[in-house]
Amino acid sequence: MSEHTHPNHEHHADPNAGHETHGGHNEHADHDEHEGHNPTMFRDKFWLSLILTVPVVYWAAHVQMIVGYTAFEFPGSAWISPVLSTAVFLYGGLVFLKGAWRELSVRLPGMMTLISLAISVAFIFSWVVQLGLIEADAIWWELATLVTIMLLGHWIEMRSISQAQGALQELAKLLPDTATRVTAEGEEQVPVSELREGDIVLVRPGESVPADGLIRKGTSELNEAMITGESRPVAKEEGDEVIAATINGEGSLRVEVTGTGEKTKLSGIMRLVADAQASKSRSQHLADRAARILTGVAIVSGVVTLVAWQFVGASIEFSIIRVVTVLVIACPHALGLAVPLVVAISTTLGARNGLLVRDRRGLEDARNLDTVIFDKTGTLTLGEFRVVEMSVAEGESEEQMLRVAAGVESESEHPIARGIVRTAEERDIDVPPADGFKAVTGKGVAASVEGVEYHIGGPALLEAENAQVEDSLRTAAEAAGRRGQAAIYLLRGGTALAVFAVADAVREESREAVRALHDREIEVAMLTGDAQAVADAVAAELGIDTVFAQVLPEDKAGKVRELQGQGKKVAMVGDGVNDAPALATADIGIAIGAGTDVAVEAGHIVLVRSDPRDIPKIIELSRATYRKMFQNLWWAAGYNIFAIPLAAGVLAAWGILLTPAVGAVLMSASTVIVAINAQLLKRVKL
């Protein structure tokens, strides 16, 4: 089952060893405004800048006038604001100046350019005023608060970005650090990185396979769920292929290595995840596009303002003040927080409702979903065997037959046996103890329950015992076989008493989830590595529209792209390593919280409660989040339609002129409005 893990996974190879593609996917990337940035850097800059900004605001004459207090004065106190604001500009603002240089170097001016333009103009203008070169009010406190608020917004944004980068490291953890290589001199422990094609390695019971290979000696059953999605342990014998990172069962194997490093199937999955994440990282944020437009508007408006006032004969001092006011008004105080605030609140709201938002782009896009693809094992199903149907001989009761079967199987560790026992326990049936338990190789098991001997097994047991089987039981067994389910017989004295259809059981929550999505006119598809008959049976039970069965890991992302190629907005829901490429490729990757760390890392959104019924909540949260983002972006950028002309002085003939300080107050007021509007998102009911 997909969520199985193994103690060996605690010791893992260097995540970067042999996988150069991990960090190399930016080679051909477009410009990224956050290149080289991290949340810690923005956090540290924000807190220090905030500490420096507090005294600047306290000693600001304009703030004193608005609030109605008089700041404490002492010799030299007049230089507190210039000195500390300069420190904030140089320390906190430098990251924006560098970002603007990168944007301009690739001819893609955006948020960094607009911020840099505003803080540079405010800094230079304030020093010009401070030195008495122009008669005006310096805007030190506006400069300091602008830099500090921009750092806060980018810190929030970078925290969201950094949460979506761990999938490749989690994939590498599946490989063991060392392997037991068999040579002519005996056995030796070597690092997995030293294995070469043709080497023979010993894989003991319970160990992870260190590399792709062929079995040269031994038989066993391997758990391949994390790679192939197959829910049942797969029987392997000499000549069969084994896959790196799969888990060996009870047999001991000698494997000839056929693929290491970049040539393993696990590495192929890792490359697909890396490629998908790289393509995702190129998408531009709504605020970036708004900032790019606003940058052009601000620059053009500033130039037009300067030229116009000079043309009508205004003094150069008056014209410069008009230009500064325009550029300060256009500064993205509110724009820098418009989206990060909504993201932070929607992330919190989602977490309270069992939704962990790892990548904001997934949440933003969920409102447009028209297709949801579910992985089968561990997502729509439990990822564990259960008795899904049973038929009993005439005169016998289902409860009693299940009770006896669970008693006989109680000492077996076989997955099907455990499924029978768990089914009985979940139905609150008291499982009796068994005596004389013994396994009959290839046929089943035998044991005595309450003094009576019983046998349990598949069709081979019937032949061995020459058992008598009622037609109704044979019909039930044949139906189970057509559905890809295991038919297990319970025998007493050579007579079949019951047949149990054992399969990976459908989760009860899945029915409601599929129904809720259909109610929203969203198509539901299923993607699985299981056999077609198994997949069709689950799809028929849940009412799923489209089925992709027997799909290899490297083909799962292709199925997602196939639907995307039809113009569909696709969400992928999965829980296993084999789902990671599809999760990363989908427009929205939704990981089941109880699944593997890799699926969780690759998903845009994680269902913390592992409940597929939470998927419709994602759509509602996405729509509400988008509304708030749109409203905030419109206000943060749209108010400039009125504010910039006023700042330029179009109403000067009527005595209405905005000073840079008043422009900064209006800019700050827009920030408050954006913040209040974002808080209203908390009222949304999911």
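Just the heavy atoms: all of them, side chains too, but no hydrogens, waters or symmetry mates, feed the values below.
Under a 3.5 Å cut-off, the side chain of Asp240 and the backbone N or O of Glu237 do form a donor-acceptor pair. A donor-acceptor pair under 3.5 Å is formed between the side chain of Asn248 and the backbone N or O of Arg204. Although no hydrogens or angles enter the test, the distance criterion places no donor-acceptor pair under 3.5 Å between the side chain of Lys682 and the main chain of Leu349. Checking side-chain atoms of Asp504 against main-chain N and O of Glu384 turns up a donor-acceptor pair under 3.5 Å. In this structure a side-chain-to-backbone donor-acceptor pair under 3.5 Å is missing from Thr546 to Ala525. Looking at Thr423, its side chain does come within 3.5 Å of a backbone N or O of Gly419 through a donor-acceptor pair. For the pair Glu396 (side chain) and Ala498 (backbone), a donor-acceptor distance under 3.5 Å is absent. At distances below 3.5 Å, not a single donor-acceptor pair connects side-chain atoms of Asn223 with backbone N or O atoms of Pro233. Here the side chain of Thr381 pairs a donor or acceptor atom with the backbone of Lys376 at under 3.5 angstrom. No donor-acceptor pair under 3.5 Å is formed between the side chain of Thr585 and the backbone N or O of Ala582.
Salt-bridge check for Glu541 with Arg483: failed, with every basic side-chain N at 4.0 Å or more from each acidic carboxylate O. With respect to Glu512 and Arg515, no salt bridge is recorded, no charged nitrogen being found less than 4.0 Å from a carboxylate O. Salt-bridge formation is not detected for the pair Glu398/Arg427: no Lys NZ or Arg NE/NH1/NH2 atom is positioned less than 4.0 Å from an Asp or Glu carboxylate oxygen.
Gln532 CD: more than 12 foreign heavy atoms inside a 6.0 Å radius. Other residues, nucleotides and ligands contribute more than 12 heavy atoms inside 6.0 Å of the CD atom of Gln189. Heavy atoms of other residues, nucleotides or ligands lying less than 6.0 angstrom from CD of Glu250 number 12 at most. No more than 12 heavy atoms of other residues, nucleotides or ligands lie within 6.0 Å of CD in Glu399, so this atom counts as exposed by the packing criterion. More than 12 non-hydrogen atoms from other residues, nucleotides or ligands lie less than 6.0 angstrom from CG of Asp519.
When each of Leu380, Thr379, Ile373 is checked for a side chain to side chain contact (heavy atoms under 4.5 Å, CB included) with Val573, only Thr379 meets the rule.
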Test side chain to side chain contact (heavy atoms under 4.5 Å, CB included) applied to Arg507 and Arg613, step by step: CA-CA 11 Å; Arg507 300 161 64 112; Arg613 292 175 298 184; over 6 Å; no
